[in-house]
Visitor: 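Quick one: the structure is below, questions incoming.
The residues of the chain are indexed from 1 along the displayed sequence.
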Amino acid sequence: GSDTPRELLRLAKEAGLTVISVTDHDTLAGCIEAIKIPQNDVKVITGIEFSCHHYGECDFDCHILGYGFDIDSPELLSTITHGREMGLFKLEGRLKYLEECIGIKFDEEEIAWLHSLNSVAKPHLAELIVKRGMADGIADAIHKYLKGDAFPDDRIDATAAIKAILAAGGIP
């Protein structure tokens, strides 16, 4: 979603919800912000959504949600950091591809914005491509310039995500 944690809490209250969890992809930023907002009517449970890959007899991408964990858990924070490092490595591969193969070179401000994000993905690059007028929308930019599997994997192992959530006292 694109709503701020404060807006999410307001919308949850208006909808009559009493408990929510903010589960951003591969980051605790929104969760931590939501927990810090004083509220009386809506309880916030810690949450995260890990972008994962299951390795084994059947390989597949998946998302692992975690709830009710300690946000200061070293195991959890280490897993998040590892995922961020993998994501940044993939970003660099995509930037190199866009420049060398497509001729799209982002300026310093755009690169700084991408690096400031907690979890950068194809839609963020696509947004910049759309702003340049090179595509009609996010989906169009992804289809034209970012489709395919030619980039390094940036998903953490699903088993590692589950173990990190459990080590933090949470429920995967």
Side-chain angles (χ1 to χ4, degrees), residues 1-9 11-13 15 17-39 41-97 111-127 138-139 142 146-172:
S2 58
D3 293 323
T4 65
R6 186 171 299 282
E7 181 71 4
L8 287 174
L9 284 168
L11 293 168
K13 182 177 177 179
L17 300 175
T18 57
V19 179
I20 68 165
S21 183
V22 176
T23 56
D24 289 329
H25 278 98
D26 308 310
T27 179
L28 293 176
C31 171
I32 291 169
E33 186 178 338
I35 289 168
K36 291 180 179 179
I37 297 170
Q39 67 243 230
D41 302 323
V42 180
K43 179 181 177 179
V44 178
I45 296 173
T46 57
I48 192 166
E49 181 175 356
F50 282 111
S51 302
C52 298
H53 186 84
H54 175 268
Y55 298 92
E57 190 174 322
C58 295
D59 283 352
F60 57 88
D61 290 342
C62 59
H63 296 269
I64 305 289
L65 292 163
Y67 298 101
F69 49 77
D70 174 9
I71 59 172
D72 295 317
S73 162
E75 294 89 344
L76 185 73
L77 295 175
S78 175
T79 302
I80 293 167
T81 299
H82 177 65
R84 176 151 172 77
E85 289 167 354
M86 291 173 63
L88 290 173
F89 183 72
K90 187 170 191 171
L91 171 64
E92 294 309 317
R94 284 184 169 146
L95 291 172
K96 182 178 179 181
Y97 166 79
I111 299 290
W113 175 72
L114 290 167
H115 281 276
S116 75
L117 300 171
N118 288 309
S119 179
V120 66
K122 284 189 279 192
H124 302 106
L125 289 164
E127 182 180 332
I138 301 290
I142 289 171
L146 298 165
K147 193 173 182 181
D149 241 357
F151 305 103
D153 193 8
D154 65 340
R155 293 174 175 265
I156 65 168
D157 177 68
T159 302
I162 292 168
K163 286 180 180 178
I165 294 163
L166 290 171
I171 301 168

Visitor: Can you tell me which residue pairs pass the side chain to side chain donor-acceptor pair (under 3.5 Å) test with a partner in residues 41-56, sequence neighbours excluded?
Guide: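 Matches after skipping sequence neighbours: K13-D41, H25-E49, D26-S51, E49-H63, H53-D61, Y55-D153.
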Visitor: Quick check: closest heavy atoms across I165 and G66, and the distance to 0.1 Å?
Guide: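 Closest heavy-atom pair between I165 and G66: CD1-CA, 3.6 Å.
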Visitor: Please give me the minimum heavy-atom distance between C52 and A161, naming the atom from each residue.
Guide: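 C52 and A161 have their closest heavy atoms at SG-CB, 3.6 Å.
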Visitor: Set out, in order, the CA-CA distance, both residues' side-chain angles and the distance that settles side chain to side chain contact (heavy atoms under 4.5 Å, CB included) for V44 and I20, then state yes or no.
Guide: CA-CA 5 Å; V44 178; I20 68 165; 4.2 Å; yes
Visitor: Can you tell me how far CD1 of I71 sits from CD1 of I32, rounded to the nearest 0.5 angstrom?
Guide: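 Separation between the atoms: 4.5 Å.
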Visitor: What's the spacing between I80 CD1 and I48 CD1 if we round to 0.5 Å?
Guide: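 Separation between the atoms: 3.5 Å.
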Visitor: Can you name the closest pair of heavy atoms from I45 and S21 and give their distance?
Guide: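 For I45 and S21, the tightest heavy-atom pair comes out as O-OG, 2.9 Å.
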Visitor: If I compare all heavy atoms of V22 with all of C31, which pair ends up nearest, and what's the gap?
Guide: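 In terms of heavy atoms, the two residues are closest at O-CB, 3.7 Å.
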Visitor: Do side-chain atoms of S78 reach the backbone of E75 as a donor and acceptor pair under 3.5 angstrom?
Guide: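 Side chain of S78 to backbone of E75: no pair is present.
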Visitor: Mind checking the NE2-CG spacing from H115 to L95? Nearest 0.5 Å is all I need.
Guide: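 So the NE2 of H115 and the CG of L95 are separated by 6.5 Å.
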Visitor: Decide yes or no for T23 and Y67: does some side-chain heavy atom of the first lie under 4.5 Å from some side-chain heavy atom of the second?
Guide: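 Side chain of T23 against side chain of Y67, heavy atoms only: contact under 4.5 Å found.
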Visitor: Nearest 0.5 Å, please: how far is CD1 in I162 from CZ in F50?
Guide: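 One finds 10.5 Å between CZ of F50 and CD1 of I162.
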Visitor: So, for L76 and D70, which heavy atoms are closest and what is the spacing to 0.1 Å?
Guide: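 Heavy-atom minimum between the residues: CD2-O, 3.9 Å.
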Visitor: Let me confirm one number: the OG1-NZ distance from T79 to K163, rounded to the nearest 0.5 Å.
Guide: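 Between T79 OG1 and K163 NZ, I get 10.5 Å after rounding to 0.5 Å.
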Visitor: Measuring from atom CD1 of I111 to atom CG of L91, what distance do you get when rounded to the nearest 0.5 angstrom?
Guide: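 If we round to the nearest 0.5 Å, I111:CD1 and L91:CG are 7.0 Å apart.
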Visitor: To check you understand the geometry: which heavy-atom pair defines the closest contact between L166 and P172, and what is its length?
Guide: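 The answer is CD2-CD, 3.6 Å.
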Visitor: For the CD1 atom on I171, are there more than 12 heavy atoms of other groups (residues, nucleotides or ligands in this structure) within a distance under 6.0 Å?
Guide: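 No.
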Visitor: Please examine the side chains of T27 and L117, heavy atoms only from C-beta on, and report whether any two atoms are closer than 4.5 Å.
Guide: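 With C-beta onward as the side chain, the pair stays apart.
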